[in-house]
Undergrad: 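Mind having a look at this structure? Questions to follow.
In this text, all values refer to a predicted model and were calculated from it rather than measured experimentally.
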Amino acid sequence: MAETEVRERALHTAGRYAERLGWWTVANWVLLVTAVVGLALTAVLTIVAEDVYESVVQADGVAALDQPALDQAVAWRSPGLDRAVTAYTDVGGPVGMPLLTLAVVAVMVWAWRSWTPVVLLVLATAGSLALTVAGKDLVGRARPPRMFAVPPYESSPSFPSGHTLNATVVAAVVVYLLLRKVRRTWVRVGAVVLGVAFAVTMGLSRVFLGHHWLSDVVMGWVLGLAWVTVVVTAHRMFLAVRREAARRGAPARA
């Protein structure tokens, strides 16, 4: 009888320590994996961005497609299509994109009773704007000639495309938030498809209207994905640390 009690106590103690070790291991693996994956993706995208930049300077690679892409866009234009694409691209502009982001954030906060969408989208858009301004100032590339552009004309530096970068960041963060909250497969798939379509078409609209070269748009996609990787990685690490703090009974502060 005594031997049985000792064995049960030993098993109970071992199970308790195994449970603690399991939670501790999970938390650390979440931190490690998200950090490594985020670092790897950011490194790959940074290398791609560097190649795009070098192609612009050397006029080869992606930049070699700039003029053919613009020529094809000009060939496809018509008055009605020009007006429609201009109206669409304004959604990703300095007025349309903040309003769209604010509306999406308001709906998410109201539906989920959470401030997470506010924090992540403010962080993401602030970084996106900073990347846009820094990239334009650093490269200072001229836009396509106005003879190839659809009015209203734009005069700021062309590289990278701010519309594309900001649309990519906002769409990706919104999709990430939806995937965390929604469990219905059709909604999740629809969110991914719409998010990708929004980022891609916003970028292509800039080329179609002659406001950006194709390589400007490619850089917008690349930098946008790189920055979203950083934002999502940071959020996943925060969640892991907060869960571990809650398990240990420590106060978890955002």
Undergrad: Tell me the side chain to side chain donor-acceptor pair (under 3.5 Å) pairs involving residues 145-159, sequence neighbours left out?
TA: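 Residue pairs passing side chain to side chain donor-acceptor pair (under 3.5 Å), neighbours aside: R143-E154, R143-S156, E154-R206, S158-H212, S158-D216.
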
Undergrad: Not counting sequence neighbours, which residues clear side-chain contact (heavy atoms from CB on, under 4.5 Å) with V187? List them please.
TA: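 Residues passing side-chain contact (heavy atoms from CB on, under 4.5 Å) with V187: V182, R184.
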
Undergrad: In the hydrophobic clustering that connects Ile, Leu, Val, Met, Phe, Trp and Tyr at side-chain heavy-atom distances below 4.5 Å, which members other than L99 occupy its cluster, ordered by chain and number?
TA: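 Members besides L99, by chain and number: V95.
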
Undergrad: Output all residues satisfying side-chain hydrogen bond (donor to acceptor under 3.5 Å, both in side chains) with T164, sequence neighbours left out; order by chain, then residue number.
TA: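 If we apply the side-chain hydrogen bond (donor to acceptor under 3.5 Å, both in side chains) test to T164, skipping adjacent residues, the hits are S161.
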
Undergrad: Show, in sequence, the C-alpha distance, side-chain angles and deciding distance for V231 and Y176, and conclude whether the side chain to side chain contact (heavy atoms under 4.5 Å, CB included) test is met.
TA: CA-CA 10 Å; V231 172; Y176 166 69; over 6 Å; no

Undergrad: Return each pair, listed once, that meets side chain to side chain donor-acceptor pair (under 3.5 Å) where at least one residue sits in residues 118-135; pairs must be two or more places apart or across chains.
TA: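 Every pair satisfying side chain to side chain donor-acceptor pair (under 3.5 Å) with a residue in residues 118-135: S128-N166.
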
Undergrad: The test is side chain to side chain contact (heavy atoms under 4.5 Å, CB included); show your working for L120 and L177 and say whether it passes.
TA: CA-CA 9 Å; L120 287 188; L177 290 169; 3.6 Å; yes

Undergrad: If you look at every heavy atom in M108 and P117, which pair is closest and at what distance?
TA: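 Where M108 meets P117 most closely, the heavy atoms are CB-CG, 3.7 Å.
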
Undergrad: Rest of the hydrophobic cluster containing V107 (Ile/Leu/Val/Met/Phe/Trp/Tyr, side-chain heavy atoms under 4.5 Å)?
TA: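 The other cluster members (ILVMFWY side chains, heavy atoms under 4.5 Å, direct or chained): none.
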
Undergrad: Do other residues, nucleotides or ligands put more than 12 heavy atoms under 6.0 Å from W115 CH2?
TA: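 No, the 6.0 Å shell around CH2 holds no more than 12 heavy atoms from other groups.
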
Undergrad: Report the residues that fulfil side-chain contact (heavy atoms from CB on, under 4.5 Å) with V133, sequence neighbours left out, ordered by chain and then residue number.
TA: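 V133: side-chain contact (heavy atoms from CB on, under 4.5 Å) contacts with D137.
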
Undergrad: Name all pairs fulfilling the side chain to side chain donor-acceptor pair (under 3.5 Å) condition that reach into residues 185-201, sequence neighbours left out, sorted by first residue then second.
TA: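 Passing the test, one end in residues 185-201: Y88-T201.
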
Undergrad: Under a single-linkage rule joining Ile, Leu, Val, Met, Phe, Trp and Tyr whose side-chain heavy atoms are separated by less than 4.5 Å, which residues share a cluster with V85?
TA: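 Members other than V85 - counting any ILVMFWY side chain reachable under 4.5 Å - are W76, L81, V150, F208, L209.
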
Undergrad: Give a yes or no on whether V222 and L129 share a hydrophobic cluster (residues Ile, Leu, Val, Met, Phe, Trp, Tyr; joining criterion: side-chain heavy atoms under 4.5 Å apart).
TA: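 V222 does not cluster with L129.
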
Undergrad: Transitive ILVMFWY cluster of W213 at side-chain heavy atoms under 4.5 Å: who else is in it?
TA: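 For the cluster that includes W213, the remaining residues are L70, V74, M147, F148.
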
Undergrad: Taking side-chain contact (heavy atoms from CB on, under 4.5 Å) as the test, write out the residues that go with V200, two or more places apart.
TA: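 Counting only residues at least two positions away or on another chain, V200 forms a side-chain contact (heavy atoms from CB on, under 4.5 Å) with V196, L204, W221.
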
Undergrad: Output all residues satisfying side-chain contact (heavy atoms from CB on, under 4.5 Å) with V105, sequence neighbours left out; order by chain, then residue number.
TA: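 Partners of V105 by the side-chain contact (heavy atoms from CB on, under 4.5 Å) criterion, ordered by chain and then number, come out as T101, V109, V118, L121.
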
